[in-house]
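Down below is the structure, laid out as structure tokens.
Being a predicted model, the structure only gives us computed values, none of them experimental. Here, residue 1 is the first one in the sequence, and each next residue gets the next number.
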Amino acid sequence: MKTWLPIGLGVLLVLAGGLWALQGLGYVGGSSMSGAREWFWIGLATLAVGLVLAVSAFRRGRR
């Protein structure tokens with residue numbers, strides 16, 4: 001149970017970061033974030049943190 005929480009949080013961060021990055025690039029419209037480059041960088045950073053969290057929790061759980 002302890003490994004599923006950080007993996008789930010990591011996956012959520014990856015999804016949110018991906019959406020924010022796509023909005024920042026202008027591929028997803030309908031928001032004030034659409035086309036704003038700073039949201040691309042915020043999304044990319046969020047995606048990276050989520051990926052590191054999920055992968056490290058997955059590796060810890062396999063030991």
Applying side chain to side chain contact (heavy atoms under 4.5 Å, CB included) between L53 and each of I7, L12, L9, report the one that passes.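 Option passing the side chain to side chain contact (heavy atoms under 4.5 Å, CB included) with L53: L9.
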[X] and [Y]: same hydrophobic cluster, using ILVMFWY side-chain contacts below 4.5 Å?
| X | Y | value |
| --- | --- | --- |
| L19 | F40 | yes |
| W41 | L25 | yes |
| M33 | V28 | no |
| F58 | V49 | no |

Closest heavy-atom pair and its distance - L44, A21: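 The pair with the smallest heavy-atom distance is N-CB, 4.3 Å.
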Specify the closest pair of heavy atoms between A54 and G10, including all atoms of both residues, with the distance to one decimal.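 Scanning both residues completely, I find the closest heavy atoms to be CB-CA, 4.1 Å.
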I42: what forms a side chain to side chain contact (heavy atoms under 4.5 Å, CB included) with it, not counting sequence neighbours?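 Here the qualifying residues are W20, W39, T46.
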